[in-house]
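Structure first, then comments.
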Protein chains: 2
Amino acid sequence: MKAKAKSDETRARILAAAMELFQRQGFEETTMREIAAAAGVATGAAYYYFDSKDAIVLAFYDQSQQEMEPLLDAALASARNLKGRVGALLEVKLQYFEPNRRLLGTLAAHADPEHRLSPFSAQTEEMRKRDMQFFERALTGSRIRVNSELGQHLPRILWMYQMGVILFWIFDRSAAQRRTRLLVEKSLGIIVRLIQISEFPLLRPVRRMVVDLVETVMSD
Amino acid sequence: MKAKAKSDETRARILAAAMELFQRQGFEETTMREIAAAAGVATGAAYYYFDSKDAIVLAFYDQSQQEMEPLLDAALASARNLKGRVGALLEVKLQYFEPNRRLLGTLAAHADPEHRLSPFSAQTEEMRKRDMQFFERALTGSRIRVNSELGQHLPRILWMYQMGVILFWIFDRSAAQRRTRLLVEKSLGIIVRLIQISEFPLLRPVRRMVVDLVETVMSD
DNA sequence: TCTAAAACTTGAACACGTTCAACTGAACAT
DNA sequence: ATGTTCAGTTGAACGTGTTCAAGTTTTAGA
């Protein structure tokens with residue numbers, strides 16, 4: 001038991017040292033040798049605990065997801081309508097990641113699902129599933145009812161929307177990322193409105209086309 | 001004039017050597033030393049002509065855009081309805097980039113507009129503008145008329161849509177990228193339909209929200 | 001307590017992208 | 001012809017992420 005704890009502690013120390021250096025001087029400007037030295041271990045040790053420099057960022061992301069779960073629970077409890085619920089989820093994430101906003105860009109660079117560090121890869125599937133459940137709860141706990149086949153796809157669609165917002169935010173260079181806040185405010189309104197009117201008879205053809213599209217794209 | 005021509009020829013030789021190696025053994029697996037050797041110059045020479053390894057890919061992309069222009073002209077001449085016109089533009093691009101599909105992933109890795117190699121950076125603005133004009137022509141040459149304020153934003157929206165399709169295609173691992181073809185077929189139908197019905201009174205509020213959103217996001 | 005295996009640690013070594021001071025030779029003015 | 005300039009060229013050297021053979025420490029079974 002001693003060893004496990006010590007190993008965990010070393011790993012945590014390396015991760016913490018890396019995050020502080022990344023935050024202070026940026027990802028590219030920080031070397032693995034610096035990280036190891038700051039953590040008080042040899043260069044090779046960092047590679048014993050992390051597959052690569054990028055993998056450290058993924059570990060941070062993973063840790064963040066766990067730490068955010070109670071905050072996301074609270075966010076869902078704070079509002080009843082869909083716009084408020086999804087908006088609260090997004091606000092938690094943006095606030096949590098704020099100190100490391102630039103750092104997430106290194107993850108965004110891996111859109112390739114083949115890449116281990118991609119948010120779309122098989123390795124990150126577990127995280128993805130858990131994350132989508134919050135959007136499922138955002139929907140089921142709201143007053144909106146979607147009876148058509150569109151309903152079952154909405155959690156995934158909202159999750160994808162979230163990924164787009166975060167990507168926009170990472171590269172948003174406006175002061176305090178105000179543009180992202182505007183984007184969220186306005187786009188959420190559109191999405192909720194679209195979901196509401198999606199059951200109108202007039203939009204039935206479009207709705208079916210969208211469902212068809214989503215099912216095609218998601219199929220393996 | 002002799003000197004200029006010789007310089008151009010050397011640059012072209014390095015670019016060609018790089019592209020052949022990238023195609024045969026992949027981007028990561030090809031070293032700058034190999035490229036220089038294949039082009040019959042010293043390693044440093046490659047850096048005299050190209051700022052970096054990534055910059056070679058951008059040069060290829062730039063060259064591609066120029067070579068594709070007549071093909072895109074022909075594509076616009078091949079159809080009258082919007083779906084056919086935009087679909088033809090996309091088909092030209094996908095076919096042209098087919099041999100180097102994986103390579104484009106290295107460009108997609110730079111979503112950061114701050115990065116010189118990003119398709120959204122200031123350095124690539126000229127290319128972007130020229131490209132958007134094809135979508136403007138796709139619209140004006142079609143039978144669709146959009147009278148609302150939405151009209152002026154449609155070329156940019158279609159261009160962004162194109163970027164999304166190409167990104168999807170780059171990482172599409174289905175055989176012969178069939179899923180991308182399905183995505184295009186189905187999503188184009190949705191887009192055209194949405195544009196058509198966007199002038200309906202019922203959708204006026206949503207239309208205004210979308211325009212407002214686009215204007216907010218595009219503002220500097 | 002002893003010992004073999006497993007877990008962990010080390011820092012030199014490797015291959016890579018990139019830089020740079022030094023060199024070459026063609027073009028041109030005098 | 002000679003000198004001057006400068007675009008073009010060179011390959012060694014630098015700093016980086018990463019690997020690895022060799023060590024050290026810890027665990028666990030006898």
Side-chain angles (χ1 to χ4, degrees), chain A residues 1-22 24-60 103 105-107 109-110 112 115-118 123, chain B residues 1-19 21-22 24-60 103 105-107 109-110 112 115-118:
Chain A
M1 74 190 180
K2 220 73 65 56
K4 183 75 185 308
K6 183 163 169 255
S7 172
D8 282 356
E9 198 266 332
T10 305
R11 190 190 144 94
R13 211 170 60 243
I14 294 171
L15 178 54
M19 291 311 300
E20 193 192 317
L21 287 169
F22 288 161
R24 204 170 47 223
Q25 56 193 35
F27 179 78
E28 307 279 5
E29 292 71 20
T30 302
T31 72
M32 288 298 273
R33 287 164 183 79
E34 280 181 282
I35 294 171
V41 296
T43 311
Y47 282 93
Y48 181 80
Y49 289 99
F50 299 97
D51 285 348
S52 67
K53 193 181 175 186
D54 283 358
I56 298 180
V57 182
L58 188 65
F60 160 70
L103 187 58
T106 65
L107 278 184
H110 301 111
D112 187 348
H115 199 293
R116 287 199 322 279
L117 299 178
S118 164
Q123 278 86 347
Chain B
M1 72 188 184
K2 219 76 60 61
K4 183 75 184 308
K6 183 165 169 254
S7 172
D8 282 356
E9 197 267 334
T10 304
R11 190 190 142 94
R13 211 171 58 242
I14 294 171
L15 178 55
M19 290 311 299
L21 286 169
F22 288 161
R24 203 167 50 222
Q25 56 193 37
F27 179 78
E28 307 280 5
E29 292 71 20
T30 302
T31 73
M32 289 297 273
R33 287 164 181 80
E34 280 181 282
I35 293 171
V41 295
T43 312
Y47 283 92
Y48 180 80
Y49 288 99
F50 300 95
D51 285 347
S52 66
K53 193 180 174 187
D54 283 358
I56 298 180
V57 181
L58 189 65
F60 160 71
L103 188 59
T106 66
L107 278 184
H110 301 110
D112 187 348
H115 199 290
R116 289 198 322 280
L117 300 178
S118 164

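Just so we're on the same page: letters track the sequence lines, and every chain starts at 1.
Closest approach of B/Leu21 to B/Ala38, counting heavy atoms only: CD1-CB, 4.1 Å.
Judged by distance alone, with hydrogens and angles left aside, the side-chain atoms of A/Lys53 form no donor-acceptor pair with the main-chain N or O of A/Thr31 at under 3.5 Å. Although no hydrogens or angles enter the test, the distance criterion places no donor-acceptor pair under 3.5 Å between the side chain of A/Ser118 and the main chain of A/His115.
Annotation: ring-ring contact (aromatic ring centres under 6.0 Å, His included) contacts of B/Phe50 (sequence neighbours excluded): none. Checked against ring-ring contact (aromatic ring centres under 6.0 Å, His included), B/Tyr47 has no partners two or more places apart in sequence or in another chain.
Spacing between atom CD1 of B/Ile14 and atom P of D/dT10 amounts to 9 Å, rounded to whole angstrom units. One atom, CD of B/Glu29, and another, P of C/dA15, lie 16 Å apart when rounded to the nearest Å. Remark: C1' of D/dG8 and OH of B/Tyr48 are 5 Å apart, rounded to the nearest angstrom. For B/Asp8 and D/dA7, the CG to C1' distance is 13 Å, given to the nearest whole Å. A/Ile35 has its CD1 atom 12 Å from the P atom of D/dT16, to the nearest Å. When the P atom of C/dG17 is taken as reference, atom CZ of B/Phe50 falls 15 Å away, rounded to whole Å. For the pair A/Glu34 CD and D/dG15 P, the interatomic distance rounds to 13 Å; values are reported in whole Å.
Between A/Ser7 and C/dC8, a side-chain N or O to OP1/OP2 separation shorter than 4.0 Å is present.
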Would you give a per-nucleotide map of nucleotides 18-23 of chain D, 5' to 3', where B means the base has a protein non-hydrogen atom under 4.0 Å away, S means only the sugar-phosphate does, and - means neither? BB----
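Side-chain contact check for B/Ile35 versus B/Phe22: some heavy-atom pair is nearer than 4.5 Å.
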